[in-house]
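Step one of this worksheet: look at the structure below.
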Amino acid sequence: MSRFSIVNWILVLGVVLLAAVPLFIGSDSEFAGADGRAVERIDESDYRPWFAPLFNPSAETASGLFALQAAIGGGVLGYVFGAARTRRRDADPPA
């Protein structure tokens, strides 16, 4: 096993631990998101919106649009990384 693959496996193990350990440490905690807390704060304040939204989708549609936005962002990010890798590979021909 090469040094490169050992480092990759250590990085994968680190990512898995970063995702799993908080689930065991705070298993009885409530996972309230920042959006929910922000909405609570806004509701508590004397805030009045400046204008009404032009498009007010249902919750399911909003979730779908959010997922679509994430998918498009992931696609763009993957394309940029792939193009950069291809450009670097083509610039440095193998010796």
Side-chain angles (χ1 to χ4, degrees):
M1 188 176 275
S2 71
R3 182 174 179 245
F4 184 71
S5 63
I6 291 173
V7 170
N8 282 341
W9 280 112
I10 290 172
L11 289 174
V12 168
L13 180 65
V15 169
V16 169
L17 287 175
L18 281 174
V21 168
L23 294 175
F24 293 112
I25 290 175
S27 62
D28 58 343
S29 65
E30 184 177 320
F31 289 101
D35 291 344
R37 291 183 183 172
V39 168
E40 289 176 6
R41 297 287 175 135
I42 290 171
D43 289 342
E44 292 171 358
S45 69
D46 190 25
Y47 173 75
R48 291 182 312 164
W50 293 358
F51 54 88
L54 298 175
F55 175 60
N56 199 2
S58 66
E60 293 83 14
T61 305
S63 295
L65 290 174
F66 184 76
L68 179 65
Q69 177 187 1
I72 290 172
V76 168
L77 198 61
Y79 175 77
V80 168
F81 282 137
R85 180 180 171 150
T86 302
R87 184 177 302 146
R88 186 177 46 188
R89 185 184 62 201
D90 291 345
D92 297 330

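We count residues from 1, following the sequence as given. When reading the values below, keep in mind they use all heavy atoms of this one structure, side chains included, and skip hydrogens, waters and symmetry mates. For clarity, every value in this text was computed on a predicted model and none was experimentally measured.
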Please give the remaining members of the hydrophobic cluster of [X], linking ILVMFWY side chains under 4.5 Å, ordered by chain and number.
X: L65; result: F55
X: V15; result: none
X: L11; result: V7
X: L54; result: none

Apply side chain to side chain contact (heavy atoms under 4.5 Å, CB included) to [X] and list each qualifying residue two or more places apart in sequence or on a separate chain.
X: F4; answer: S2, N8
X: Y47; answer: I42, S45, P49
X: L18; answer: none
X: L17; answer: L13, V21

>> Checking T61 now: which residues fulfil side chain to side chain donor-acceptor pair (under 3.5 Å) with it, not counting sequence neighbours?
In response: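 Partners of T61 by the side chain to side chain donor-acceptor pair (under 3.5 Å) criterion, ordered by chain and then number, come out as S58.
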
>> Per the side-chain hydrogen bond (donor to acceptor under 3.5 Å, both in side chains) rule, what does the pair list look like for residues 33-43, sequence neighbours excluded?
In response: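 Every candidate side-chain hydrogen bond (donor to acceptor under 3.5 Å, both in side chains) pair involving residues 33-43 fails, so no pair, neighbours aside, qualifies.
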
